[in-house]
Amino acid sequence: MKILIINGPNLNLLGRREPGIYGQMSFDDYLPQLRQRYPDVEIDYFQSNIEGVLIDKMQEVGFHFDGIVLNAGAYTHTSVALHDCIRSIKAPVVEVHISNVHQREEFRHKSMISSACRGVICGFGLDSYRLAVEALLAL
């Protein structure tokens with residue numbers, strides 16, 4: 001099984017960016033733990049701050065990977081283009097958020113991509129990614 005984790009804008013700063021919200025651990029430190037937990041699953045990782053690059057990557061893998069875990073960051077709340085891309089590819093996409101976006105600013109309560117995704121997981125810190133992998137494995 002092949003799963004791609006995609007992180008959007010500013011998530012390259014995990015561990016340094018607002019640690020009270022996003023935690024102390026970088027994604028580069030977390031990813032080996034996730035891979036170790038699922039040795040029979042090929043887990044690839046990609047991060048970009050650029051919306052079009054995220055779309056290009058999903059189109060590149062979306063017809064031959066078994067699933068995508070997507071934390072679109074702030075694009076979650078603004079991107080019809082990501083929504084349309086998710087609808088266009090074959091691989092199921094699970095939307096994730098580290099924080100519980102519903103406990104934060106009002107503008108974070110609306111996701112433009114949720115209706116295109118298989119499911120949404122939020123509020124469990126970096127463990128949200130593990131829960132998304134589990135959901136994809138159960139499909």
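We count residues from 1, following the sequence as given.
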Can you get from Ile43 to Val94 by hopping between Ile, Leu, Val, Met, Phe, Trp and Tyr side chains that sit under 4.5 Å apart? yes
Where the side chain of Arg87 meets the backbone of Ser115, is there a donor-acceptor pair that is under 3.5 Å apart? yes
Within a strict 4.5 Å, meaning less than it, do heavy atoms of the Met112 and Leu82 side chains meet? no
Looking at Asn49 and Pro9, what are the two nearest heavy atoms and their distance? OD1-CA, 3.1 Å
Side chains of Asp28 and Tyr45: any donor to acceptor distance under 3.5 Å? no
Using only heavy-atom distances, determine whether the side chains of Glu95 and Thr76 contain a donor-acceptor pair under 3.5 Å. no
Flag the pair Tyr129 / Asn7 as yes when at least one side-chain heavy-atom distance between them is below 4.5 Å, and no otherwise. yes
State plainly whether one hydrophobic cluster holds both Val93 and Met1, where clusters connect Ile, Leu, Val, Met, Phe, Trp and Tyr through side-chain heavy atoms under 4.5 angstrom apart. no
Side-chain contact, heavy-atom cut-off 4.5 Å: Cys85 with Gln59? yes
Joint hydrophobic cluster, Ile3 plus Val61, side-chain heavy atoms closer than 4.5 Å: no
Yes or no on side-chain contact (heavy atoms from CB on, under 4.5 Å) for Leu136 and Val41, after CA distance, side-chain angles and deciding distance? CA-CA 11 Å; Leu136 289 170; Val41 179; over 6 Å; no
Are the side chains of Leu139 and Pro92 in contact, using a 4.5 Å heavy-atom criterion? yes
Quick one: does Asn100's side chain have a donor or acceptor within less than 3.5 Å of a partner on Cys122's backbone? no
Looking at Asp66 and Lys2, would you say the former's side chain and the latter's main chain have a donor-acceptor pair under 3.5 Å? yes
Test of understanding: clusters of I, L, V, M, F, W, Y form through side-chain heavy atoms closer than 4.5 Å, transitively. Do Val120 and Leu70 belong to the same one? no
Applying side-chain hydrogen bond (donor to acceptor under 3.5 Å, both in side chains), can you list everything that pairs with Asp44, at least two apart in sequence or on another chain? none
Just how far is it from atom CD of Glu134 to atom CG of Leu131, taken to the nearest 0.5 Å? 7.5 Å
What I'd like to find out is whether the side chain of Lys57 reaches to under 4.5 Å of the side chain of Leu4, using heavy atoms alone. yes
side-chain contact (heavy atoms from CB on, under 4.5 Å) for Phe46 and Met58? Distances and angles first, verdict last. CA-CA 10 Å; Phe46 182 78; Met58 284 196 294; over 6 Å; no
According to a 4.5 Å side-chain heavy-atom criterion applied to Ile, Leu, Val, Met, Phe, Trp and Tyr, with indirect links allowed, do Ile113 and Val96 form part of one hydrophobic cluster? no
If you round to the nearest 0.5 Å, how far is CZ of Arg16 from CG of Asn10? 11.0 Å
Heavy-atom pair of closest approach, residues Tyr75 and Leu54: CD1-CD1, 3.8 Å
Short question: side chain of Ser128, backbone of Gly125 - any donor-acceptor pair under 3.5 Å? yes
Between Phe27 and Leu11, is any pair of side-chain heavy atoms under 4.5 Å apart? no
Does the side chain of Leu137 come within less than 4.5 Å of Tyr38's, by heavy atoms? yes
Walk me through whether Phe63 and Ile89 qualify under side-chain contact (heavy atoms from CB on, under 4.5 Å). CA-CA 6 Å; Phe63 294 96; Ile89 61 176; 4.0 Å; yes
Distance from Ile5 atom CD1 to Leu34 atom CG, nearest 0.5 Å? 5.0 Å
For Ile86 and Cys117, the nearest pair of non-hydrogen atoms, with its separation, is CD1-SG, 3.9 Å
May I have the step-by-step check of side-chain contact (heavy atoms from CB on, under 4.5 Å) for Asn71 and His97, ending in yes or no? CA-CA 6 Å; Asn71 185 339; His97 301 284; 3.9 Å; yes
Evaluate the side-chain proximity of Arg130 to Tyr30: yes if any heavy-atom separation is below 4.5 Å, no if none is. yes
